[in-house]
Each structure stands twice: as structure tokens, then as C-alpha cells.
*Asks:* 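What follows is a single structure, and I will ask about it in a moment.
In the text below, chain A, chain B and the rest are named by the order of the sequence lines, each starting its count at 1. The figures here come from the full heavy-atom set of this structure, side chains too, leaving out hydrogens, waters and symmetry mates.
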Protein chains: 2
Amino acid sequence: MIPQGAYRDEHFIVDFEHQRAYLDNKAMVLTRKEFELLATLAGNAGDIVPRDILLQNIWGYSPEIRTRTMDVHIRRLRKKLAGYGESYIETIFGVGYRFQPYRAPRQISSPLYALASVA
Amino acid sequence: MIPQGAYRDEHFIVDFEHQRAYLDNKAMVLTRKEFELLATLAGNAGDIVPRDILLQNIWGYSPEIRTRTMDVHIRRLRKKLAGYGESYIETIFGVGYRFQPYRAPRQISSPLYALASVA
DNA sequence: CGGGTTTTTACAAGATTTTTACAACTTGCG
DNA sequence: CGCAAGTTGTAAAAATCTTGTAAAAACCCG
């Protein structure tokens with residue numbers, strides 16, 4: 001589930017091997033569960049990871065167990081990913097979560113184009 | 001595990017070969033176990049050394065043995081490293097300990113370097 | 001023996017994780 | 001639309017787990 005090597009984008013790095021993550025080149029302080037969760041999501045960046053799977057893989061819970069612990073962990077991660085938090089960890093309602101690689105704000109070449117999307 | 005040669009920073013020196021350590025140029029008085037522990041940590045300065053590994057390498061204990069003896073030794077070392085004690089030996093909760101060289105650039109200076117070895 | 005060293009014991013303190021209780025949000029349907 | 005059922009978000013408390021510590025006991029080894 002958690003791949004070898006590393007995940008990396010413009011602001012965020014996960015070094016799976018050394019169990020560390022960096023945000024804008026600063027080491028994040030993460031607990032074990034926080035790291036596992038973040039690493040699992042980032043390791044599957046772009047793909048939805050279902051709640052069932054996360055609960056099974058990280059907590060060893062079977063799907064019928066009712067708990068909010070994962071949501072609490074997600075919240076703490078979003079907090080620690082400050083600023084980018086909302087855009088990195090996306091909620092897929094009724095399914096799970098998806099880690100979205102950072103996308104640089106695109107330079108808009110034509111002001112008309114920008115206006116078009118607002119209108 | 002304990003390397004040849006010496007560890008050295010601005011205040012602290014470990015001479016692995018002669019099994020001696022110096023704090024601000026004064027020879028420390030260390031028992032054998034204390035030296036082994038300190039040398040192991042300093043010899044891996046900057047890296048986390050897991051409790052399991054320390055227990056195995058220094059005490060020959062397997063991971064499931066429950067004992068506080070290592071914690072007691074850590075405490076004595078911190079005491080003897082007076083003043084610098086807290087900053088030298090860092091606790092990594094749930095994992096182990098890490099010896100941080102004096103005034104080392106906070107954490108890992110370049111995550112990119114760390115990743116190079118992974119890539 | 002005897003004195004230093006090491007380990008155990010028994011809690012205290014601290015950190016992490018989970019639960020609880022409820023608020024806020026999404027979605028489907030009449 | 002408007003609402004009900006189900007899902008996710010959140011703060012705070014509780015539970016659990018890990019580490020720190022003092023003191024005493026056990027262990028060595030001359």
C-alpha cells in the first residue's frame with residue numbers, strides 16, 4: 001500500500017523509507033498514525049482511497065466498525081498541511097479520500113479568458 | 001554499529017577506539033553501558049536509532065522484553081551531558097532516540113539530499 | 001565482603017489515539 | 001424547492017500507550 005521511494009511535488013515530499021514528510025522543505029512533525037495515513041494517501045496520489053481500505057490497512061478495522069478516528073486524523077493532517085491542506089486532501093463523499101498533487105496556479109495568458117470563466 | 005574513529009562537534013567528542021568521551025574538553029566519567037549507549041547514538045548522529053535496535057545491540061534483548069533499563073541509562077547520560085543534555089539526546093516517541101550534533105542545522109538541512117539516496 | 005554498576009519496581013508525567021456528542025454538509029426524493 | 005437520512009467535520013474529553021524518574025534491589029568483580 002505504501003510504496004517504496006518517495007512522493008514529491010513542488011511543496012510537499014514524502015520519504016517513505018525514512019518515514020518523513022517535508023512541507024516547503026521543513027520536516028513535518030507527524031505521529032505514527034498520521035504518517036501512515038498521509039503516506040498511504042500520497043502514495044496513491046490522484047487515486048481515491050476508500051475509507052474501508054484505509055480503516056483496514058491502517059487500523060485493521062473491518063468495514064462494519066463505526067469510528068470517527070480516521071476523520072480526526074484527517075483533520076489533524078489537513079491542519080498540519082497548513083495552507084495547502086484543503087487542496088491536498090480531498091473528500092470523496094461516501095467513498096473515501098484522494099490526495100491531489102499540488103498544481104501550480106496557472107498563469108493566465110489572456111485576461112479575456114479569465115473573465116470568460118467568471119462570467 | 002559503533003564506528004571506528006571519533007565523533008566530534010563543538011562541545012562533545014567521542015573517541016570510539018579508546019572508549020572515551022569528552023564534554024567541553026573534560027573527560028566524562030561513564031560506565032561501560034553508558035558509554036556503549038552514548039557511543040551508539042553519537043555514532044549514528046542525526047539518525048533515529050530505534051529502541052528495538054538499542055535493546056538488541058547493547059543488552060541483547062529481543063523486542064518483546066519489557067524493561068525500563070534503557071530509559072534509566074538515557075536519563076543518566078542526559079544528566080552527565082549537563083546543560084546540553086536535552087538538546088543532544090532527542091526522544092522520538094514510539095520509535096527510539098536520536099543524537100543531534102550540537103547546533104546542527106535544524107532537522108535535515110536538505111530533504112532533497114536524503115531523497116537522492118532513495119531515488 | 002564492599003563499593004560501584006546495572007536492573008527492577010512503582011508511579012508520575014507526557015504524548016498519542018480513540019471516543020463522544022453534536023454541528024455541518026451532501027444527496028436523493030417527493 | 002425542502003426535507004430526511006446518511007455522511008463527514010470538529011472540539012473536547014477520555015482512554016491508551018510510552019517515556020521519565022526516584023528509590024530500592026540485585027548483580028558483579030576486585
*Asks:* Protein-nucleotides 3-7 of chain C N/O pairs closer than 3.5 Å?
*Replies:*
from: dT6(C); atom 1: OP1; to: Lys33(B); atom 2: N; distance (Å): 3.1
from: dT6(C); atom 1: OP2; to: Thr31(B); atom 2: OG1; distance (Å): 2.2
from: dT7(C); atom 1: OP1; to: Trp59(B); atom 2: NE1; distance (Å): 3.3
from: dT7(C); atom 1: OP2; to: Trp59(B); atom 2: NE1; distance (Å): 2.7
from: dT7(C); atom 1: OP2; to: Thr69(B); atom 2: OG1; distance (Å): 3.1
from: dT7(C); atom 1: O4; to: Arg76(B); atom 2: NH2; distance (Å): 2.9

*Asks:* Output yes when at least one side-chain N/O atom of Thr91(B) is less than 4.0 Å from OP1 or OP2 of dT18(D), else no.
*Replies:*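 Indeed not, no polar side-chain atom of Thr91(B) lies that close.
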*Asks:* One thing to verify: whether Arg51(B) and Asp71(B) come together as a salt bridge, which I'm taking to mean a side-chain N less than 4.0 angstrom from a carboxylate O.
*Replies:*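 So Asp71(B) pairs with Arg51(B) through a salt bridge.
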*Asks:* Taking atom types as modelled, is there a side-chain donor on Arg78(B) or Ser87(B) under 3.5 Å from an acceptor on the other?
*Replies:*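 Side-chain D/A pair, Arg78(B) to Ser87(B): absent.
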*Asks:* Apply side chain to side chain donor-acceptor pair (under 3.5 Å) to Asp47(B) and list each qualifying residue two or more places apart in sequence or on a separate chain.
*Replies:*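 With sequence neighbours excluded, Asp47(B) shows a side chain to side chain donor-acceptor pair (under 3.5 Å) to no residue whatsoever.
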*Asks:* Anything under 30° is parallel, anything over 60° is perpendicular, the rest tilted; go ahead and classify His11(A) against Tyr102(A).
*Replies:*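 Correct class here is perpendicular.
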*Asks:* Going by side chain to side chain donor-acceptor pair (under 3.5 Å), name the residues that satisfy it together with Asp52(A), two or more places apart in sequence or in a different chain.
*Replies:*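 Side chain to side chain donor-acceptor pair (under 3.5 Å) list for Asp52(A), sorted by chain: empty.
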*Asks:* Using the side-chain contact (heavy atoms from CB on, under 4.5 Å) criterion, which residues pair with Thr67(B)? Sequence neighbours excluded.
*Replies:*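 With sequence neighbours excluded, Thr67(B) shows a side-chain contact (heavy atoms from CB on, under 4.5 Å) to Leu55(B), Tyr61(B), Ile65(B), Thr69(B), given in chain and number order.
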*Asks:* Would you say the side chain of Tyr88(A) lies within less than 4.5 Å of the side chain of Pro101(A), judging by non-hydrogen atoms?
*Replies:*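 SC-SC contact between Pro101(A) and Tyr88(A) ruled out.
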*Asks:* Scan nucleotides 23-30 of chain C nucleotide by nucleotide, 5' to 3', and note B when protein non-hydrogen atoms come under 4.0 Å of the base, S if they reach only the sugar-phosphate, - if neither.
*Replies:* ---SS---
*Asks:* At how many degrees, to 10°, do the end axes of the helix from dC1(C)-dG30(D) to dG30(C)-dC1(D) meet when each uses five pairs?
*Replies:*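 Terminal axis comparison yields 30°.
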*Asks:* I want to check one thing: is the phosphate of dT7(D), taken as OP1 and OP2, less than 4.0 Å away from some side-chain N or O of Tyr97(A)?
*Replies:*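 Negative; the distance criterion is not met.
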*Asks:* Could you tell me the separation between the CG atom of Asn57(A) and the CG atom of Leu37(A), rounded to the nearest 0.5 Å?
*Replies:*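 Going from CG on Asn57(A) over to CG on Leu37(A), the span is 11.0 Å.
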